[in-house]
There are 4 protein chains.
Amino acid sequence: MTSRKLEKYDSILNAALKVIAENGFHGAQVSKIAKEAGVADGTIYLYFKNKEDILISLFQQRLGALVDQFHASIQDTHSAADALRTVCHIHYSELERNIHLAYVTQIELRQSNIELRKAIGASVKPYIKLIEHILERGVQSGEFRSNLDVKLTRSLIFGAMDEVVTSWLISGQKYSLSAQVDGTLDFFLKGLN
Amino acid sequence: MTSRKLEKYDSILNAALKVIAENGFHGAQVSKIAKEAGVADGTIYLYFKNKEDILISLFQQRLGALVDQFHASIQDTHSAADALRTVCHIHYSELERNIHLAYVTQIELRQSNIELRKAIGASVKPYIKLIEHILERGVQSGEFRSNLDVKLTRSLIFGAMDEVVTSWLISGQKYSLSAQVDGTLDFFLKGLN
Amino acid sequence: MTSRKLEKYDSILNAALKVIAENGFHGAQVSKIAKEAGVADGTIYLYFKNKEDILISLFQQRLGALVDQFHASIQDTHSAADALRTVCHIHYSELERNIHLAYVTQIELRQSNIELRKAIGASVKPYIKLIEHILERGVQSGEFRSNLDVKLTRSLIFGAMDEVVTSWLISGQKYSLSAQVDGTLDFFLKGLN
Amino acid sequence: MTSRKLEKYDSILNAALKVIAENGFHGAQVSKIAKEAGVADGTIYLYFKNKEDILISLFQQRLGALVDQFHASIQDTHSAADALRTVCHIHYSELERNIHLAYVTQIELRQSNIELRKAIGASVKPYIKLIEHILERGVQSGEFRSNLDVKLTRSLIFGAMDEVVTSWLISGQKYSLSAQVDGTLDFFLKGLN
DNA sequence: CATGAATGAGTGTTCATTCAT
DNA sequence: CATGAATGAACACTCATTCAT
């Protein structure tokens, strides 16, 4: 893709994000996205196969970027606990920093049809795998207990963080999300005791 | 409501659950629910304000019953940890036992519009409050650490269990969900260490 | 179908015929047909599967009625030549009498897509078969020459009459179509000599 | 037009014929024709006013060539019957030889809109005139009966041959079209007797 | 002359809800 | 109370044509 094409491709994805954030999933018509992007309706279809393709691309691109950031950041970590803290920090702070993205991924895109949700699931999988690797690393290094059920725990950890973000959004962002990293890590590392 | 009315009211909710489970949220037309319930389309509107009202009522009734069961069950518990284990056990085993309900609440109803999701949120709230109370009880009894962020932790715990159920559903129920109670409680009580 | 339903079914077909005749095949939107029939757009779909189904039904019903009329009329004929004359007479006079139907079947419906044309072809087949039967009858009775290629001749006869109707329509109906029966039969029976 | 221009003009018409034959009338987009012709979409519009103009030109050119061939061939004929046989022979054999052209003219181009069909009619007119002249020649020479309705008969003859070709195409060309010349002429000359 | 990216008008179909019976 | 026929708003996508380069 030339830089000209790439530019328009990006502007359509940005427009989609904004329109969904402002109008909700069901209020995000293709014509509205086109208008926001400053192109004609038909132009959308020069860059995306159909409406679903816009949404999948949006999710993949943004979540893919996050996962890349995760991978890069945990390179420098000295321990599995440290890595987990880094992941949680990025997870919370990036979504706090980008409220549109948070709203769209946590709330709006989840009300999509089954096909789109499958594609979204595929985008989330690498992230859950990343958490799993951190857990394995911790078990091998002796940081985490050896009887840890890694498959189960990766779900517990992902679900816990995911719900904290959603809960923060629904509350109307009345408090700092990134300030929850310490409390979250305390829970992950020490449990309730 | 007379018992005659109540009977029909219930049969419509049952029909809704079955139709959504079999056809998905977007394949659950009012006419299909009416047919399954053995009534005319218009009759639905003598018992429910609109389609959303059916879904909200369905969620409230079924989730309300669960929360009642939770409340009853933790009466007999000797400790907060015990109470939490009981809650988790009911949460997992009830949804495992009622796969239709699990599928509809975890997967299908989440693709509904924002209004319905707000109502669903309201139904979930008492459950989250229940978890919060257990946490407070544990802190007060000295079972749980005194610096526990109760508001944050209730989200972490709910989100963790919720994701475990969803993950089990998506996997195709290839393993026992209720067998995950111990591993889940280990994580809640001991964390990763 | 109840008579009430049948009434509306017919009024939609009549509306379709009128709208196509007045606006052409490509100007015959479902909404226009609905308006002409005095029903809502959605009502159309209570009686027909889709737009194509309207057009196929229209063709089948009207052409089927014609073929029925042919069959009934040739019962009383004393010779194959007489039968052929009767068929030609009905063919010309019915389309002359119903200019809308003529226009729609000869001009408009022929610009439809392949699926519709197949269905139309199926409707025309019984008519061509009828012509074939008359030819066979004539050969057997010795009226027509014994070396007649029946399969070929049925096409020649149908095509000849069909073109006469089309030609008359395109000319703007400046002359009487039914007055062409004698000349047509002369040609069929005597050829050019 | 320079020969360079003419070359490209022809290649676009050839491309149009091929694309319509392979994809049908409704599957013959301008962009597909351009691609087949090896030019850019916009280039088409340097040679043709619009899409309709391509199709009309295609029909005129190909049919015009046929009519020229007819005129040339009947010069050498000794009788009207001979001329008619020659016309029928060329009609059938040329379309049998060029199945693409047959398919496009008999099936695909007939599903076009009214404007295009008028233009096509104009292209067919000289052919029908030619048949008319042959009939007049036959009447004057005493070959054909003097009470022949020439205007009517030209339609009968054209329609008959046209239907034979279409019928042969729809059958899947399971038999020889040019072998139908004798049977056709027998019918034209002797009628059914 | 040639390109091809961009345009934007146009339409069949679904389904929650109503209301005359 | 119950029915179910009728309603009508809402929207993704295609493709002939243009025009800046």
Side-chain angles (χ1 to χ4, degrees), chain A residues 1-2 4-5 7-9 12 26-35 37-54, chain B residues 2 4-5 8 26-35 37-55 113, chain C residues 2 4-5 7-9 12 26-35 37-55, chain D residues 2 4-5 8 26-35 37-55 113:
Chain A
M1 232 189 285
T2 70
R4 270 286 273 289
K5 285 201 74 141
E7 210 172 276
K8 205 160 275 191
Y9 178 89
I12 292 171
H26 288 107
Q29 292 84 1
V30 170
S31 61
K32 226 180 255 175
I33 295 172
K35 199 171 185 184
V39 299
D41 291 18
T43 305
I44 298 272
Y45 293 88
L46 297 176
Y47 295 87
F48 299 92
K49 220 174 84 237
N50 50 33
K51 186 181 179 181
E52 198 168 59
D53 189 28
I54 305 174
Chain B
T2 71
R4 263 291 262 297
K5 285 201 70 147
K8 205 162 273 192
H26 288 108
Q29 291 84 2
V30 170
S31 60
K32 228 179 249 172
I33 295 172
K35 197 173 186 184
V39 300
D41 293 17
T43 306
I44 297 271
Y45 291 86
L46 299 173
Y47 295 87
F48 298 92
K49 215 173 90 240
N50 51 32
K51 184 182 181 182
E52 199 166 61
D53 189 26
I54 305 174
L55 305 179
N113 61 51
Chain C
T2 70
R4 269 285 273 289
K5 285 202 77 141
E7 209 172 279
K8 203 160 278 193
Y9 178 89
I12 292 170
H26 289 107
Q29 292 83 1
V30 170
S31 60
K32 227 179 253 173
I33 295 173
K35 199 171 184 183
V39 299
D41 291 17
T43 305
I44 297 272
Y45 292 88
L46 298 176
Y47 296 87
F48 299 92
K49 220 175 84 239
N50 48 35
K51 185 181 179 181
E52 196 168 59
D53 189 28
I54 306 174
L55 304 178
Chain D
T2 70
R4 264 288 265 294
K5 284 201 72 150
K8 205 164 273 191
H26 287 107
Q29 291 83 2
V30 171
S31 60
K32 230 180 248 172
I33 295 173
K35 198 172 183 184
V39 300
D41 293 17
T43 305
I44 297 272
Y45 292 86
L46 299 173
Y47 294 87
F48 298 91
K49 218 175 89 239
N50 50 32
K51 185 181 180 180
E52 200 166 62
D53 189 26
I54 305 174
L55 305 178
N113 61 52

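Chain letters run A, B, ... following the sequence lines, proteins first and then strands; every chain starts at 1.
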**OP:** Using Watson-Crick or G-U wobble pairs with both distances under 3.5 Å, give me DNA chain E in dot-bracket, 5' to 3', with [ ] for crossers and | for pairs to another strand.
**Re:** .||||||||||||||||||||
Please report the distance, rounded to the nearest Å, between [atom1] in [X] and [atom2] in [N].
| X | N | atom1 | atom2 | result |
| --- | --- | --- | --- | --- |
| A:Asp53 | F:dA12 | CG | C1' | 14 Å |
| C:Phe48 | F:dA6 | CZ | P | 12 Å |
| C:Tyr9 | F:dA5 | OH | P | 17 Å |
| A:Ile33 | F:dC13 | CD1 | P | 11 Å |
| C:Lys32 | E:dG10 | NZ | C1' | 12 Å |

Original post:
Start at the 5' end of DNA chain F and walk down; is the nucleotide closest to B:Val39 or to C:Ile44 reached first?
Top reply: B:Val39
Original post:
What distance separates A:Ile12 CD1 from A:Leu46 CG, expressed to the nearest 0.5 Å?
Top reply: 8.0 Å
**OP:** Give one of base, sugar-phosphate or nothing for D:Lys8, where a contact means two heavy atoms less than 4.0 Å apart.
**Re:** sugar-phosphate
**OP:** Mind checking D:Lys35 for me? I need base, sugar-phosphate or nothing, with any heavy atom below 4.0 Å counting as a touch.
**Re:**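 No contact at all - D:Lys35 keeps every heavy atom at 4.0 Å or more from the nucleic acid.
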**OP:** Could you encode protein contacts along nucleotides 11-20 of chain E as a string, one character per nucleotide from 5' to 3', using B for base contact, S for sugar-phosphate-only contact and - for no contact, with a heavy-atom cut-off of under 4.0 Å?
**Re:** SSBBSSBB--
Subject >> Partners meeting ring-ring contact (aromatic ring centres under 6.0 Å, His included) with A:Tyr45 (sequence neighbours left out) >> reply: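 In terms of ring-ring contact (aromatic ring centres under 6.0 Å, His included), with neighbours along the sequence ignored, A:Tyr45 is linked to no residue.
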Subject >> From E:dG4, F:dT3, F:dA5, nucleotide with atom closest to C:Tyr47 side chain >> reply: F:dA5
Just to verify, what does [X] make a side chain to side chain contact (heavy atoms under 4.5 Å, CB included) with, not counting sequence neighbours?
| X | value |
| --- | --- |
| A:Ala34 | A:Val39, A:Asp41, A:Ile44 |
| C:Lys51 | C:Val30 |
| A:Asn50 | A:Glu52, A:Asp53 |

**OP:** Could you tell me which residues satisfy side chain to side chain donor-acceptor pair (under 3.5 Å) with B:Lys8, sequence neighbours excluded, listed by chain and number?
**Re:**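 If we apply the side chain to side chain donor-acceptor pair (under 3.5 Å) test to B:Lys8, skipping adjacent residues, there are no hits.
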